[in-house]
Amino acid sequence: MISVIIPTLNEAAYLPHLLEALARQTRQPDEVIVADAGSRDGTPEIARAWGARVVPGGRPAVGRNAGARVARGTWLVFLDADVVPRPDFLEKAMREIEARCLDIATCLMEPLSPRPTDRVFHEVANGYLLALQWISPRAPGFCILVRRDLHETIGGFDETLLLAEDHDYVRRASRYGRFGVLTTVRIPVSTRRLEEEGVFPLLLKYLWAEAHVWAGRPIRSLPFDYAFGHHRPSARPGGYAEGEEEGKGTWLAWPPVLHPRSMMRRIGSRSGPLPVPWRWRLLSGDRPLRASRPKAHEGRLESSAGGRLLPSPPSSGDR
């Protein structure tokens with residue numbers, strides 16, 4: 001069974017889009033639990049209207065723990081109200097989790113925004129998650145999938161932390177279970193915090209939090225404001241529902257093997273060095289780069305192999 005747990009505070013503008021996305025999942029969750037921290041905008045009523053169970057919550061860590069205590073699922077999926085997963089999100093996520101024998105996981109993210117700066121910001125964050133997943137695990141709190149027994153083993157989220165409680169959670173959980181970053185699915189998330197605070201002020205806050213995480217210093221007080229439940233209503237709270245074809249136009253003309261999504265998938269699925277293509281088409285698409293070796297070079301390879309001709313590296317089309 002899968003239990004989806006959503007901490008909320010005044011999320012009437014965003015929660016319906018998430019609940020609708022969950023209702024369209026090809027692998028339906030067995031229950032949806034909304035842990036509300038005292039919303040005054042009708043969030044609990046919206047949740048109940050969609051068939052979700054509403055329990056008292058608090059700050060994100062408090063709400064997630066409250067939802068987990070009443071959950072019946074063997075898998076807990078923690079989502080924030082401002083994400084909008086695609087219809088095959090749960091199906092693909094659980095399939096990859098089973099294939100990789102994971103006990104706790106997060107996934108790559110993408111912004112519900114067409115702005116190139118937002119996309120760059122999130123791709124940098126994705127690369128950071130992938131680079132550290134076997135060294136010092138990180139996970140954004142808006143998307144964490146975990147076995148219920150592992151959640152109970154570590155005692156849930158640390159409710160005394162004001163920031164980076166999600167990173168603390170996965171680092172402790174990774175000591176008892178296998179952690180991984182899923183690469184077959186992405187979670188679209190709103191950019192409301194980026195829009196309200198700006199890229200660089202928000203980046204400074206995250207860097208400050210990261211410094212504390214690396215130093216092993218719990219964040220129980222903040223020298224700045226970090227809003228929870230006090231976001232301005234967005235004109236498009238559901239984000240920009242871009243199809244895959246529409247999304248292609250927002251990227252620069254990358255060679256297919258060097259496209260950021262292709263690179264992220266390769267990094268997440270291979271433990272060795274990245275595969276490098278021996279040829280790819282020019283960006284103009286006129287003609288391929290030459291991939292064959294000169295005859296003299298082949299002769300040197302043959303002699304160095306003791307009379308045995310070494311096979312040519314595979315082309316990008318063979319991979």
Side-chain angles (χ1 to χ4, degrees), residues 1-6 25-27 29-31 33 60-61 64-65 67-69 71-80 83 85-86 88-110 122-123 125-159 161 164-187 189 209-210 213-214 216 218 261-275:
M1 294 181 61
I2 298 177
S3 297
V4 174
I5 300 167
I6 310 164
Q25 292 295 302
T26 55
R27 165 54 170 102
D30 296 282
E31 62 179 350
I33 301 169
R64 292 170 189 142
N65 286 341
R69 280 193 293 270
R72 297 178 289 114
T74 54
W75 275 91
L76 307 178
V77 179
F78 296 106
L79 299 177
D80 280 0
V83 301
R86 291 187 173 86
D88 57 358
F89 172 77
L90 285 177
E91 179 183 356
K92 286 187 175 181
M94 296 309 299
R95 185 186 305 153
E96 183 175 351
I97 283 173
E98 293 175 3
R100 295 174 58 183
C101 301
L102 301 178
D103 302 297
I104 179 171
T106 187
C107 69
L108 302 179
M109 66 192 86
E110 63 182 3
H122 285 77
E123 289 301 335
N126 286 336
Y128 191 66
L129 290 179
L130 288 169
L132 294 181
Q133 65 177 317
W134 295 298
I135 304 171
S136 180
R138 301 283 196 280
F142 55 75
C143 183
I144 298 177
L145 305 90
V146 61
R147 290 186 184 274
R148 179 193 179 95
D149 55 357
L150 179 56
H151 172 86
E152 293 174 347
T153 296
I154 65 172
F157 290 84
D158 186 341
E159 299 180 4
L161 300 182
E165 80 288 341
D166 41 14
H167 299 334
D168 169 78
Y169 180 82
V170 297
R171 290 181 69 181
R172 288 187 290 115
S174 65
R175 300 169 189 166
Y176 299 92
R178 186 172 183 179
F179 171 81
V181 178
L182 307 180
T183 58
T184 58
V185 291
R186 289 190 171 216
I187 188 76
V189 61
E210 273 298 303
V213 171
W214 279 110
R261 292 193 178 182
S262 174
M263 295 294 288
M264 294 299 176
R265 193 172 292 113
R266 288 164 181 264
I267 293 173
S269 60
R270 294 177 66 98
S271 57
L274 285 177

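Just so you know, these numbers use all the heavy atoms, side chains as well, and skip hydrogens, waters and symmetry mates.
- Residues passing the ring-ring contact (aromatic ring centres under 6.0 Å, His included) test with F78 are H151, F157, sequence neighbours excluded.
- Taking all atoms of both residues into account, the shortest heavy-atom contact from C107 to V185 is CB-O, 3.8 Å.
- Checked by atom type and distance alone, the side chain of E165 never pairs as donor or acceptor with a backbone atom of P60 at under 3.5 Å.
- Between the CD1 atom in I187 and the CZ atom in F89 there is a gap of 4.0 Å [rounded to 0.5 Å].
- For I5 against A71, the heavy-atom pair with the smallest separation is CD1-CB, 4.3 Å.
- Residues R147 and I104 form no side-chain contact, since every pair of their non-hydrogen atoms from C-beta on lies 4.5 Å or further apart.
- Without hydrogens or angle criteria, S3 side chain to L76 main chain gives no donor-acceptor distance under 3.5 Å.
- For the pair R27 (side chain) and Q25 (backbone), a donor-acceptor distance under 3.5 Å is absent.
- Between H167 and E210, the closest side-chain pair of non-hydrogen atoms falls below 4.5 Å.
- Using a cutoff of 4.0 Å between basic side-chain nitrogens and carboxylate oxygens, K92 and E96 are not scored as salt-bridged.
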List the atom pairs, donor and acceptor, that lie under 3.5 Å between side-chain atoms in residues 174-181 and the rest of the protein, sequence neighbours left out.
{"unit_1": "S174", "atom_1": "OG", "unit_2": "V170", "atom_2": "O", "d": "3.3"}
{"unit_1": "S174", "atom_1": "OG", "unit_2": "R171", "atom_2": "O", "d": "2.8"}
{"unit_1": "R178", "atom_1": "NH1", "unit_2": "R100", "atom_2": "O", "d": "3.4"}

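- Under the 3.5 Å distance criterion, the side-chain polar atoms of R172 are matched with a main-chain donor or acceptor of I154.
- Here R148 contributes atom CZ and T153 contributes atom OG1; the two are 11.5 Å apart, rounded to the nearest 0.5 Å.
- Proximity of T106 to D166: side-chain heavy atoms (C-beta onward) are nowhere separated by under 4.5 Å.
- Taking the side chain as every heavy atom from C-beta outward, F142 and M109 approach each other to under 4.5 Å.
- One distance of note links CG of L90 with CD1 of I2; it measures 5.0 Å at 0.5 Å rounding.
- Minimum interatomic distance between A139 and I144 (heavy atoms only, all atoms of both residues): CB-CG1, 4.0 Å.
- Between N65 and G156, the closest heavy-atom pair is OD1-CA, 3.5 Å.
- Of all heavy-atom pairs between L150 and A173, the closest is CD1-O, 3.8 Å.
- Shortest non-hydrogen contact noted between L161 and P218 is CD2-CB, 3.6 Å.
- A donor-acceptor pair is defined here as one N or O able to donate and one able to accept, closer than 3.5 Å; no such pair exists between the side chain of D80 and the backbone of C143.
- Within the model, atoms CD of E110 and CZ of R86 stand 4.0 Å from one another, a figure rounded to the nearest 0.5 Å.
- In this structure, OG1 on T74 lies 8.5 Å from CG on D149, to the nearest 0.5 angstrom.
- The CZ atom of R138 lies 4.5 Å from the OH atom of Y128; values are rounded to the nearest 0.5 Å.
- Side-chain contact between L130 and L108 is present, with heavy atoms from C-beta onward closer than 4.5 Å.
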